[in-house]
**Q** 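Dropping a structure here in structure tokens format, bear with me for questions.
Basis for what follows: all heavy atoms, side chains included, without hydrogens, waters or symmetry-related copies.
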Amino acid sequence: MLCGLPNPLTDLSPETDGGKVVDIVIAIWSLALAGTIIGIVGGMSVIGELIRSAEGFGQRVRRLGRTLSGMKGGILDDDDAEGRENTRG
């Protein structure tokens, strides 16, 4: 095996040079196949929309956090809010 697992599934591994070459070829083929599938899925428009909506949700959460931290009696104390304002300006 090219890169051994910490807990191998079996105790068997290729012993001959030919077996090691076949192991390497299969490993390269599986990485290429996985990369192709990841590329196809990543290029789908549904995945792009999911990413854009997740980014938009993150921005809304950050804006909400800033709004709540600036409110009196909000998430942050007045001392914490003043400390954050002083470091910004």
**Q** Give me the atom names and distance for the closest heavy-atom approach of Glu15 to Lys20.
**A** O-CE, 3.9 Å
**Q** Arg52: which residues meet the side chain to side chain donor-acceptor pair (under 3.5 Å) condition with it, sequence neighbours left out?
**A** Glu49
**Q** Scan the side chains in residues 29-37 for donor-acceptor partners under 3.5 Å anywhere in the protein, sequence neighbours excluded, and list what turns up.
**A**
residue	atom	partner	partner atom	Å
Ser30	OG	Ile26	O	3.4
Ser30	OG	Ala27	O	2.9
Thr36	OG1	Ala32	O	2.8

**Q** Would you give the length of the straight line joining atom CG of Asp23 to atom CD1 of Ile28, rounded to the nearest 0.5 angstrom?
**A** 10.0 Å
**Q** Kindly give the heavy-atom pair with the smallest separation between Val41 and Ile47, and that separation in Å.
**A** O-CG1, 3.0 Å
**Q** Given a cutoff of under 4.5 Å between side-chain heavy atoms of I, L, V, M, F, W and Y, with clusters grown through shared members, what are the other residues clustered with Val61?
**A** Phe57
**Q** May I ask you to test the Leu50-Val46 pair for a side-chain heavy-atom distance under 4.5 Å?
**A** no
